[in-house]
Amino acid sequence: MAVPSCSAPGVWVRGSWQRLGNLFTFVSKPLCSAAAASRPLDAQRLAERLRAQKQEQKTKKPVPTNPVQRRVQELLRFTEQLQRVHPNVLAKALSRGLIHQDKDLVVINKPYGLPVHGGPGVRLCISDVLPVLAKMLHGHKAEPLHLCHRLDKETTGVMVLAWEKDVAHQVQELFRTRQVTKKYWAITMRVPVPSAGVVDIPIIEKEVQGQERHHKMTLSPSYCMDNGKIVRVRTSRNAHLAVTQYRVLSSTLSSALLELQPVTGIKHQLRVHLSFALDCPILGDHKYSDWNKLAPQKLSACILKKLGLRQSKARHIPLHLHACQLTLPALQAGKEELNLVCKPPRYFVHSLRRLGLKMPSRDQNGDEQATHLGAQ
């Protein structure tokens, strides 16, 4: 039996063992140390380590050649990484993307996939990093920032924080009394008819029966059709008033870019109204695209072709709902209202390009103009 030999920077092992084969090369980490020199190498341990390395290489996913699939994979990896990063790292990323900061408020650009509050399975959320973010902005003696409202985990865009608890309560009251103007952009499957209007249908939470029992928000209309006549029905006590204004900013035969202005603030209101009232679910809304089941969104052949995706990969498409603008009334006498605008994330803009939709832009006078992002 040959004697194992060591060399730097790696280790070469030759021998007649059948388990090891003829030659093994380790380059990543030197195994030659004082401890290794004082005892013989464990052949079985080396063989198990090699098998583990080979298995890891086999399980590595190949990098997609399609740019859209590659972007989807990057976004999925980014979302998973958000739950593993240190609070200091996340706070630093949020501080780099500040939209507005003054003595009362801090406005951040909320990233995709990051929950606002903690819960089951949530390792990191925005509320966890508020003390760290405050110290980065105002020094080590700064008190933690306070949340003024919330956005869904999958929603991106404008999010308001306050330095003082009293200011946070003041802003929360403005939201509660519907004095804050909120505007969202959403990319939808199909085009709503008419192209502009108001959806005024109450929303209620119900349990979905089936193989996987779960709860969803759904419509609780006050009227229904009975023998061709519109009849008023009794409204459930648990139903919530929900009103959404919408208008089409750009459209193709299979998709549209909508501007949404929620008058009320019910849980998942925009997603429910678009999917169940207008039959135009938001791209990437895997929860509300089908009432009866929880499954990846079923995309049309036209949209799949434009995005360069297969239906089997549709489950990785993120929700395309972005809080693009928020207008706050003056918090003190003598001050002007605060108009906060946030650009959509890169994946949102990229989807617009692929789908051939136009994104409005503001000229110097503040008027909206349509900018074509021609499909690439």
Side-chain angles (χ1 to χ4, degrees), residues 61 64 66 68-83 110-116 119-122 125 150-157 184-192 203 205-219 244 254-258 260 266-323 344-348 350-352 354-355 357:
K61 296 181 180 179
N66 185 288
V68 178
Q69 293 181 356
R70 187 163 59 248
R71 179 59 187 154
V72 168
Q73 191 178 86
E74 290 174 358
L75 189 67
L76 182 64
R77 186 171 62 252
F78 172 71
T79 304
E80 294 173 349
Q81 290 173 349
L82 278 176
Q83 294 297 311
K110 180 191 168 299
Y112 172 83
L114 183 64
V116 176
V122 176
C125 59
R150 66 180 300 275
L151 291 175
D152 291 340
K153 174 183 175 181
E154 297 86 1
T155 305
T156 61
Y184 292 75
W185 282 352
I187 299 178
T188 63
M189 296 169 53
R190 298 183 287 276
V191 184
I203 290 177
E205 187 171 15
K206 288 186 178 180
E207 183 179 8
V208 180
Q209 303 293 332
Q211 295 180 349
E212 299 180 51
R213 288 192 175 187
H214 57 283
H215 288 80
K216 283 184 181 180
M217 308 299 289
T218 188
L219 301 176
T244 302
S254 57
S255 60
L257 171 64
L258 269 59
L260 308 170
I266 307 303
K267 176 183 176 183
H268 297 169
Q269 172 182 321
L270 299 178
R271 298 163 68 178
V272 172
H273 275 172
L274 287 177
S275 185
F276 300 149
L278 296 175
D279 192 28
C280 296
I282 300 175
L283 180 64
D285 193 348
H286 307 290
K287 182 171 185 176
Y288 288 103
S289 293
D290 192 307
W291 165 254
N292 295 314
K293 57 184 178 180
L294 286 173
Q297 188 177 50
K298 184 70 175 177
L299 300 177
S300 67
C302 181
I303 291 181
L304 287 172
K305 183 178 180 181
K306 288 183 177 181
L307 293 179
L309 292 174
R310 300 190 302 272
Q311 179 58 43
S312 60
K313 301 297 183 181
R315 65 184 183 276
H316 298 309
I317 297 178
L319 182 71
H320 286 65
L321 180 62
H322 174 67
R346 285 191 300 172
Y347 75 84
F348 194 103
H350 193 77
S351 295
L352 287 174
R354 298 289 299 191
L355 295 171
L357 296 170

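One-based numbering along the sequence shown.
- Every residue two or more places apart in sequence or in another chain was checked for a side-chain contact (heavy atoms from CB on, under 4.5 Å) with K305, and none qualifies.
- Annotation: ring pair (Phe, Tyr, Trp, His ring centres under 6.0 Å) contacts of H273 (sequence neighbours excluded): none.
- Of the possible polar contacts, none joining the K216 side chain to the V208 backbone as a donor-acceptor pair under 3.5 Å is found.
- For the pair K298 (side chain) and Q311 (backbone), a donor-acceptor distance under 3.5 Å is absent.
- Residues T155 and L270 have side chains not in contact (no heavy-atom distance under 4.5 Å, counting atoms from C-beta outward).
- Contact check for L274 versus L258: side-chain heavy atoms found under the 4.5 Å cut-off.
- Residues H322 and P345 meet the side-chain proximity criterion, which asks for heavy atoms closer than 4.5 Å.
- Taking E205 as the reference, H215, M217, K267 meet the side-chain contact (heavy atoms from CB on, under 4.5 Å) condition, with sequence neighbours excluded.
- Residues satisfying the salt bridge (charged side-chain N to carboxylate O under 4.0 Å, His left out) criterion with D279, sequence neighbours excluded, are R190.
- Looking at heavy atoms from C-beta onward, V272 lies out of side-chain contact with I266 at the 4.5 angstrom threshold.
- By the side-chain contact (heavy atoms from CB on, under 4.5 Å) test, S275 is found to be paired with P281, Y288, residues two or more places apart in sequence or in another chain being considered.
- With a 4.5 Å cut-off on side-chain heavy atoms, Y184 and I282 do not count as touching.
- Under the side chain to side chain donor-acceptor pair (under 3.5 Å) criterion, S289 pairs with Q297, sequence neighbours left out.
- Taking the side chain to side chain donor-acceptor pair (under 3.5 Å) definition, one finds that E154 meets it with nothing, sequence neighbours left out.
- Checked by atom type and distance alone, the side chain of K110 pairs as donor or acceptor with a backbone atom of K153 at under 3.5 Å.
- Considering only residues two or more places apart in sequence or on other chains, F348 meets the ring pair (Phe, Tyr, Trp, His ring centres under 6.0 Å) condition with H320.
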